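A quick note: this is a predicted structure, and the numbers were derived from the prediction, not measured. For ligands, and for the atoms within them, numbers begin at 1 and follow the listed sequence.
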Amino acid sequence: MNKKTHNLIIIGSGPAGLTAGIYAARSNLQPIIIEGKEPGGQLMGTTVVENWPGNISILGPQLMMNMKEHAQSTGCQFISGDVTKVDFSKKPFTVATEKEELKAHAVIVATGATPKRLGVPGENDYWGKGVTTCAVCDGTFYKDQPVVIVGGGDTSMEDASFMTKFTKQITIVHILDKLTASHAMQQKVINNPDIKIIYNSTVTEIKGNGDHVAQAIVTNQKTNEKTTLDTQAIFIAIGLNPNTTIFKNKLEMDKWGYLKVQNHTKTNIEGVFAAGDVHDFRYRQAITSAGAGCMAALDVERYLSSL
Ligand SMILES: Cc1cc2nc3c(=O)[nH]c(=O)nc-3n(C[C@H](O)[C@H](O)[C@H](O)COP(=O)(O)OP(=O)(O)OC[C@H]3O[C@@H](n4cnc5c(N)ncnc54)[C@H](O)[C@@H]3O)c2cc1C
């Protein structure tokens, strides 16, 4: 595979990458999809998805397995692992994993985003020992136990609603004086007696017994007053970092690291396109990422035809 120059390499296998693959394969471009360390992307870490058209309710991992099966059926070839290096300075482009170096006439970057960490004392010590970004993956371990969720956006609301299946002792800690989640998500949480919200505050330290989280130190941002919450789990839901480190100084990005695009999908390098959460900090949905993947593949097809 590494001897020839491919038409198209797609980096990432979330909704954006897999949809791009389906469209590109059906245009006979024989795309290669490099899956990354998280095959299927962010939806692999959620339970029920209820806003994917055509499925009233479907599990995130099932939806992504369906998408991968669809991409495979159209002829997409998959390579596992991360892309570690790219060279977009000359054509054909070079895309390297730890195991091989590939060449391609066009590239779609669909590397998505990764949930942020707090960066406070104790977080690393108790990572995976009560500190997590995935309530859906780990929630079931905390039946009838107190849990803390950090953040006031959609992910935090989703995590809090999900945790009500297991416990009545849920505290959301939010740095602002208002939630930032969509109205519908907020209502689910605000009206739930099992969920308490502490505003204007954040978790500034995580303490434990050496093996597991035991307490969250919560600091009020206005008064600096510290409160200790007994908790068995801290779910961090404070936003995302775009996965663009390998593209630094190679593709234009904004101050937060999101790729900049023009005409919907085009990066500053002709022949390199971007799709999904890696450039879209506004919508961040599976359907919008899939739509962006479709657009990028159509633009690649036009670009390659024009060569
Ligand atoms: C808990 C949670 C619940 C959600 N629920 C919903 C929902 O119900 N409905 C909805 O529409 N959206 C939901 N979302 C949002 C949705 O998951 C994202 O908007 C969507 O997955 C973004 O798709 P993407 O393809 O752009 O990127 P991602 O899904 O982030 O996928 C990125 C891909 O890139 C790969 N990658 C990263 N770096 C590299 C690299 N160096 N080399 C190769 N590959 C790489 C990863 O392995 C991954 O496969 C949810 C998100 C979360 C976190």
Side-chain angles (χ1 to χ4, degrees), residues 9-21 32-53 55-64 67-68 71 78-86 95-99 102 107-116 132-139 149 151 153-163 181-182 184-185 235-248 250 257-259 265 274-296:
I9 292 174
I10 297 165
I11 310 176
S13 59
L18 293 176
T19 306
I32 308 292
I33 299 179
I34 304 181
E35 291 189 285
K37 289 209 180 97
E38 200 186 355
Q42 294 169 62
L43 282 187
M44 296 303 285
T46 192
T47 48
V48 180
V49 175
E50 294 187 340
N51 52 14
W52 184 261
N55 286 107
I56 293 166
S57 180
I58 185 167
L59 293 175
Q62 183 62 53
L63 177 59
M64 296 320 299
M67 275 192 221
K68 179 167 181 182
F78 285 81
I79 292 178
S80 56
D82 264 349
V83 167
T84 50
K85 219 161 94 185
V86 293
V95 175
T97 66
E98 269 168 15
K99 291 194 185 135
L102 304 157
V107 172
I108 295 176
V109 177
T111 48
T114 302
K116 284 183 189 166
T132 172
T133 57
C134 184
V136 166
C137 316
D138 299 341
I149 297 165
D154 279 353
T155 307
S156 165
M157 302 301 108
E158 189 175 326
D159 287 357
S161 301
F162 179 74
M163 286 310 296
S182 65
M185 299 284 266
F235 298 100
I236 300 168
I238 53 169
L240 304 162
N241 275 325
N243 298 321
T244 52
T245 313
I246 54 166
F247 307 111
K248 216 168 177 186
K250 302 187 180 205
Y258 285 95
L259 294 187
T265 65
D277 280 12
V278 74
H279 73 78
D280 171 21
F281 50 85
R282 178 167 176 164
Y283 297 108
R284 298 195 301 213
Q285 292 295 296
I287 189 70
T288 49
S289 297
C294 157
M295 292 192 286

(message) Tell me the protein heavy atom at minimum distance from atom 40 (C) of ligand 1, and give that distance in Å.
(response) Asp82 OD1, 3.2 Å
(message) Closer than 3.5 angstrom, by distance alone: can the side chain of Thr265 be matched with the main-chain N or O of Ala274 as a donor-acceptor pair?
(response) no
(request) List every atom of ligand 1 that sits less than 4.0 Å from any heavy atom of Ala113, numbering the atoms from 1 in the order shown and giving each element. (result) 30 (O)
(request) Determine whether more than 12 heavy atoms belonging to other residues, nucleotides or ligands lie under 6.0 Å from atom CD of Glu50. (result) yes
(request) Determine, stepwise, if the pair Val278 / Asn243 fulfils side-chain contact (heavy atoms from CB on, under 4.5 Å). (result) CA-CA 6 Å; Val278 74; Asn243 298 321; 5.6 Å; no
(message) Show the nearest heavy-atom pair for residues Met185 and Asp154, with the distance to one decimal.
(response) CE-O, 3.2 Å
(message) For a 4.5 angstrom cut-off between non-hydrogen side-chain atoms, does Met64 reach Leu18?
(response) yes
(message) Counting non-hydrogen protein atoms only, what is the nearest one to atom 18 (C) of ligand 1? Give residue, atom name and distance.
(response) Asp277 OD2, 3.4 Å
(request) Number the atoms of ligand 1 from 1 as they appear, then name those within less than 4.0 Å of a heavy atom of Lys37, with their elements. (result) 47 (O)
(message) Suppose we measure from atom 49 (O) of ligand 1 to each protein heavy atom; which comes out shortest, and what is that distance?
(response) Glu38 O, 2.7 Å
(request) Around atom 6 (C) of ligand 1, find the nearest protein heavy atom and jot down its residue, atom name and distance. (result) Leu43 CD2, 3.6 Å
(request) Please tell me if the side chains of Lys68 and Ser13 come closer than 4.5 Å, counting only heavy atoms from C-beta onward. (result) no
(request) State the CG-OG1 distance between Asp159 and Thr132, to the nearest 0.5 angstrom. (result) 8.5 Å
(request) If you have a sec, work out which protein heavy atom is nearest atom 52 (C) of ligand 1 and how many Å separate them, to one decimal? (result) Gln42 OE1, 4.2 Å
(message) Under a 4.0 angstrom heavy-atom cut-off, which atoms of ligand 1 come close to Gly36?
(response) 43 (C), 44 (N), 45 (C), 47 (O)
(request) Examine distances only and state if a side-chain atom of Asp82 and a backbone atom of Thr84 form a donor-acceptor pair shorter than 3.5 Å. (result) no
(request) Give the residue, atom name and distance (to 0.1 Å) of the protein heavy atom nearest atom 2 (C) of ligand 1. (result) Thr46 CB, 4.2 Å
(request) Number the atoms of ligand 1 from 1 as they appear, then name those within less than 4.0 Å of a heavy atom of Arg284, with their elements. (result) 15 (C), 19 (O)
(request) Please write down residue, atom name and distance for the protein heavy atom closest to atom 12 (N) of ligand 1. (result) Ala286 N, 3.3 Å
(message) To check your reading of the model: name the closest protein heavy atom to atom 27 (O) of ligand 1, its residue, and the distance in Å.
(response) Gly112 CA, 3.3 Å
(message) Does any N or O of ligand 1 fall below 3.5 Å from an N or O anywhere on Glu50, backbone included?
(response) no
(request) For Gly276, take its heavy atoms, then give the atoms of ligand 1 lying under 4.0 Å from any of them. (result) 26 (O)
